[in-house]
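The structure appears below as structure tokens.
Just so we're clear, the structure is a prediction, and the values are computed from it rather than from any experiment. Residue numbers begin at 1 in each chain, while the letters A, B, ... track the order of the sequences.
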Amino acid sequence: MALNKKCPECGGINMSHVEEKGEVICKDCGLVVEDKIFDFGKEWREFDQEKADSHRRTGAPLTYTQADRGLGTEVGTKADLSKFSKRSKDKFYRLRRWQRNIATSIERNIQLALSEIQRIVSVLGLSKSVEEEAARIYTLAAQKGLVKGRTTERIVAGCIYAACRMHEIPKTLDDVSFVAEIEKGEIGRNYRYLTRNLHMKIMPTDPVNYIIRFSSALQLSPKTQTKAIEIIEKAQKKALLSGKNPVGVAAAAIYTASRITDEKKTQQKIAEEVGVTEVTIRNRYRELIENLGLESAAA
DNA sequence: CGGAGTAAAAGGCACTT
DNA sequence: AAGTGACTTTTACTCCG
């Protein structure tokens with residue numbers, strides 16, 4: 001839902017209301033301006049029936065941005081041990097210490113992850129609910145033993161990217177890579193690893209989101225921006241885009257539109273800004289003009 | 001310079017053995 | 001679990017106006 005508002009961060013006019021999260025986000029830069037005016041959605045996502053059921057029985061949603069979510073599970077400390085044998089008592093003490101060690105090591109790890117999540121979220125200007133999402137994904141992954149033997153920071157970068165994708169925030173792998181200082185291939189791998197093993201179903205990003213996101217950086221006129229979105233919509237109807245990198249598609253649509261409206265941006269400028277190669281732009285561009293009957297417009 | 005195009009390498013995905 | 005094949009993107013390069 002579009003709103004009649006300006007973004008305080010970049011001055012963009014594409015403020016949009018994301019219903020189920022009660023957020024207002026800027027589609028130009030991904031900044032979340034107002035967070036949780038009302039929250040109509042659930043705090044968690046339901047990925048399969050089993051988890052859905054267990055969640056619903058859990059009662060009020062808990063926060064995932066605290067290491068133990070405000071709860072603690074421990075081997076009891078108040079039990080009356082006097083009637084047990086020495087062996088039983090020893091066993092009990094061992095259990096308690098073992099449990100404590102495990103718990104603290106997992107919680108320390110999660111704590112580290114959470115502070116890194118906080119840092120990245122803050123630099124990228126993401127919302128509290130995206131932070132919660134990333135924290136939730138990390139916690140789930142830790143509980144499932146998916147983080148063992150992997151670098152926390154790398155998994156965290158994957159969590160952040162996944163959280164952005166779930167909330168349809170148009171951040172790229174390059175964006176996360178830059179802030180997290182993790183190679184983008186590594187983030188992509190961890191993203192796939194997490195989404196696969198946690199059975200998360202995430203749709204490919206709509207290239208339109210990237211058009212809007214990059215149009216201010218490339219100083220596109222509203223006319224060009226509208227044209228680029230038109231091109232995307234036409235291409236979608238003709239099923240030209242499936243399997244293609246949405247970022248590359250957006251780049252080509254911007255290039256094509258900028259030629260049509262006579263405000264031509266070079267392939268090189270666009271490629272640099274959005275983070276794909278000129279070859280990719282050319283390939284998508286060729287498909288667009290061949291299939292959408294746009295060649296007459298390209299002078 | 002801006003762009004068109006290509007070959008080769010690399011990576012991811014669906015499928016098989 | 002390794003191997004395959006079709007597919008996309010990147011790298012590096014040539015050629016054109």
TODO: Measure the distance from CD on A:E272 to C1' on B:dC1 and round it to the nearest whole Å.
DONE: 16 Å

Task: Short side-chain to backbone donor-acceptor contact, A:R284 and A:A252, under 3.5 Å - done: no

Atom pairs, N/O to N/O, protein against nucleotides 5-9 of chain C, distance under 3.5 Å?
{"residue": "C:dT8", "atom": "OP1", "partner": "A:K244", "partner atom": "NZ", "Å": "2.9"}
{"residue": "C:dT9", "atom": "OP1", "partner": "A:N245", "partner atom": "N", "Å": "2.7"}
{"residue": "C:dT9", "atom": "OP2", "partner": "A:R284", "partner atom": "NH1", "Å": "2.3"}
{"residue": "C:dT9", "atom": "OP2", "partner": "A:R284", "partner atom": "NH2", "Å": "3.4"}

Task: Short side-chain N/O contact from A:Y255 to OP1 or OP2 of B:dG3, under 4.0 Å - done: yes

Task: Nucleotide B:dA4, atom C1' - distance to CD of A:E278 in whole Å - done: 11 Å

- [ ] Take the protein atom CD1 of A:I281 and the nucleotide atom P of B:dG3, then report the distance between them rounded to whole Å.
- [x] 9 Å

Would you tabulate the nitrogen or oxygen pairs shorter than 3.5 Å linking the protein to nucleotides 11-14 of chain B?
{"residue": "B:dG12", "atom": "OP1", "partner": "A:R192", "partner atom": "NH2", "Å": "2.8"}
{"residue": "B:dC13", "atom": "OP2", "partner": "A:R192", "partner atom": "NE", "Å": "3.4"}

Task: Side-chain heavy atoms of A:Q225 within contact of A:I211, under 4.5 Å - done: yes

- [ ] Kindly say whether A:M203 contributes a backbone atom to a donor-acceptor pair with the side chain of A:R165 at under 3.5 angstrom?
- [x] yes

Open item on the list: Counting primed atoms plus P, OP1 and OP2 as sugar-phosphate and everything else as base, spell out the protein contacts along nucleotides 12-17 of chain C at 4.0 Å heavy-atom distance: B, S or - for each nucleotide, 5' to 3'.
Closed with: B-----

- [ ] Under 4.0 Å between any heavy atoms, over every strand shown, what does A:K264 touch: base, sugar-phosphate, or nothing? Just pick one.
- [x] sugar-phosphate

Task: Interatomic distance, A:H199 atom NE2 to A:K144 atom NZ [nearest 0.5 angstrom] - done: 5.0 Å

Task: Side-chain donor or acceptor of A:R282 paired with backbone N/O of A:T277 under 3.5 Å - done: no

Open item on the list: With a 3.5 Å distance limit and no angle check, can you tell me whether A:S127 reaches the backbone of A:S129 through a side-chain donor-acceptor pair?
Closed with: yes

Task: A:K171 and A:L126, any side-chain heavy atoms less than 4.5 Å apart - done: yes

Open item on the list: Between A:D175 and A:T172, do the side chains contain a donor N or O and an acceptor N or O under 3.5 Å apart?
Closed with: yes

Task: side-chain N/O A:R286 vs B:dA4 OP1/OP2, d < 4.0 Å - done: no

- [ ] Output yes when a side-chain donor or acceptor of A:K238 lies under 3.5 Å from a complementary backbone atom of A:N291, and no otherwise.
- [x] yes

- [ ] Measure the distance from CZ on A:R259 to C1' on B:dG3 and round it to the nearest whole Å.
- [x] 8 Å

Open item on the list: Has A:S258 got a side-chain atom pairing as donor or acceptor with A:K265's backbone, closer than 3.5 angstrom?
Closed with: yes

Open item on the list: If I take atom CD in residue A:Q267 and atom C1' in nucleotide B:dA4, what distance separates them, rounded to the nearest angstrom?
Closed with: 8 Å

Open item on the list: Are the side chains of A:N190 and A:Y161 in contact, using a 4.5 Å heavy-atom criterion?
Closed with: no

